[in-house]
Amino acid sequence: MSIDREKQLAAQAAAELVEDGMAVGLGTGSTVAFLLPALAARKLAIRCVATSVHTQRKATELGLEVELADMLDHLDIAIDGADQITPDGWLIKGGGGAHTREKIVAASAARFVVIGDSTKPADVLRPPVPLELLAFGLPATLRELGSAVLRAGWPPSPDGGVIADYTGPVGDPSELAARLSATPGLVGHGLFEPSLTADVLIARAGSVEHRILR
Ligand code: 5RP
């Protein structure tokens, strides 16, 4: 079975978790690209918030009602892909550079659902860890981070941030997350702690494994 078909199966399973009347956070990426039509096909009365301009455009084209994130302080559910998923629920996100918005949306959701294909589970997290940095003082921030590279050719985030990657060892993800969060000039990083995630849906071949974390 192709990886795209696995992404589609995980996305379809996640779309089934959405109920009429919900406020829904929509992630970003190629797995979420399969979620949007699956959700639109259900014809539910839902209000959505998108984590990227691309998702916002696609969702709107499919007839989903997308509101500005400023309008909703609480979401019932948010659904998003990930780059790496460990057995204990740590994630690396931000391959698409949308991790800062994605973390805000995940944290504001009562239920954050992660969807992925069979390439996403990882025994341990490995670099790179996506970063979003303030443009002000960028050389000093990069120096402080030590091992970080700017993503060549990437435009600024919709919020004006510079997209980069931390390339040093991950080691204990909670220690690295604390260190990154404490670095002046760092707006957001792609390490998502397990407490953010409620469900993980991983498609392997023709079936979807549903792990409930909380
Ligand atoms: C974007 C993300 C994506 O969810 C992550 O990169 C997975 O992408 P894909 O579904 O294309 O494999 O974090 O910032």
Side-chain angles (χ1 to χ4, degrees), residues 1-15 24-39 48-59 69 75 77-86 89-109 111-122 125-133 149-167 170 173 177 180 186-194 196-204 208-209:
M1 172 161 297
S2 74
I3 296 299
D4 271 358
R5 179 67 185 136
E6 289 183 348
K7 289 178 197 233
Q8 185 178 34
L9 286 177
Q12 284 170 339
V24 182
L26 303 173
T28 292
S30 59
T31 316
V32 167
F34 288 108
L35 171 72
L36 302 178
L39 205 47
C48 303
V49 166
T51 51
S52 64
V53 175
H54 182 76
T55 295
Q56 180 175 4
R57 190 177 332 112
K58 282 284 165 203
L75 300 169
I77 191 168
I79 305 170
D80 203 348
D83 302 303
Q84 298 176 49
I85 307 166
T86 66
W90 274 95
L91 310 177
I92 288 184
K93 287 187 46 53
H99 44 287
T100 302
R101 288 187 172 198
E102 289 171 338
K103 199 178 283 182
I104 293 169
V105 164
S108 72
R111 187 177 187 185
F112 177 49
V113 179
V114 177
I115 51 178
D117 58 71
S118 60
T119 67
K120 301 304 176 67
L125 297 179
R126 294 194 165 77
V129 177
L131 306 173
E132 181 168 345
L133 309 174
V149 289
L150 300 179
R151 246 188 237 179
W154 277 61
S157 79
D159 307 299
V162 178
I163 304 301
D165 288 293
Y166 174 79
T167 54
V170 174
L180 294 174
L186 189 137
V187 179
H189 60 77
L191 284 168
F192 282 43
E193 62 189 56
L196 281 171
T197 303
D199 303 63
V200 178
L201 295 172
I202 299 288
R204 279 192 190 82
V208 179
E209 179 199 348

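One-based numbering, in listed order, for ligands and for the atoms of each. This chain uses plain numbering: 1 for the first residue, then up along the sequence.
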Using a strict cut-off of 4.0 Å, indicate which atoms of ligand 1 neighbour a heavy atom of [X].
X: Lys7; answer: 12 (O)
X: Lys93; answer: 2 (C), 3 (C), 4 (O), 13 (O)
X: Gly97; answer: 14 (O)
X: Asp83; answer: 5 (C), 6 (O), 7 (C)
X: Asp80; answer: 4 (O)
X: Ser30; answer: 9 (P), 10 (O), 11 (O), 12 (O)
X: Thr28; answer: 1 (C), 2 (C), 3 (C), 4 (O)
X: Gly81; answer: 4 (O)

Ligand 1 and Gly29, any nitrogen or oxygen pair closer than 3.5 angstrom?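 The answer is no, given that Gly29 and ligand 1 share no N or O pair closer than 3.5 Å.
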Taking [atom] as the reference point, the nearest protein heavy atom with its distance:
atom: atom 12 (O) of ligand 1; answer: Lys120 NZ, 2.6 Å
atom: atom 10 (O) of ligand 1; answer: Thr31 OG1, 2.6 Å
atom: atom 1 (C) of ligand 1; answer: Glu102 OE2, 3.1 Å

Name all residues meeting the side-chain contact (heavy atoms from CB on, under 4.5 Å) criterion together with Ala198; count only those two or more places apart in sequence or in a different chain, and write none if there are none.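 Expected list: Arg111, Arg214.
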Asp165 side chain to Pro128 backbone, donor-acceptor under 3.5 Å: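 No.
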I need the Cys48 SG to Gln56 CD distance, nearest 0.5 Å.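 Reported to 0.5 Å precision, the distance equals 11.0 Å.
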So, does Gly94 sit close enough to ligand 1 that a heavy atom of it is under 4.0 Å from the ligand?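 So Gly94 counts as touching ligand 1.
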List the steps, then state whether side-chain contact (heavy atoms from CB on, under 4.5 Å) holds for Thr100 with Asp159. CA-CA 9 Å; Thr100 302; Asp159 307 299; 5.6 Å; no
Keeping to residues at least two apart or across chains, list the salt bridge (charged side-chain N to carboxylate O under 4.0 Å, His left out) pairs with something in residues 2-14.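 Every pair satisfying salt bridge (charged side-chain N to carboxylate O under 4.0 Å, His left out) with a residue in residues 2-14: Lys7-Asp117.
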For the student: nearest non-hydrogen atoms of Phe192 and Lys93, plus distance: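 Shortest heavy-atom contact: CE2-CD, 3.6 Å.
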CA sep, side-chain torsions, deciding dist, call: Val170, Trp90, side-chain contact (heavy atoms from CB on, under 4.5 Å): CA-CA 12 Å; Val170 174; Trp90 274 95; over 6 Å; no
Given side-chain contact (heavy atoms from CB on, under 4.5 Å), test Leu26 with Leu39 step by step and report yes or no. CA-CA 10 Å; Leu26 303 173; Leu39 205 47; 3.7 Å; yes
Where's the contact between Ala82 and ligand 1, heavy-atom distance under 4.0 Å: side chain, backbone, both or neither?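 It is the backbone that gets close, since no side chain atom is under 4.0 Å.
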side-chain contact (heavy atoms from CB on, under 4.5 Å) evaluation trace for Val49 with Val24: CA-CA 6 Å; Val49 166; Val24 182; over 6 Å; no
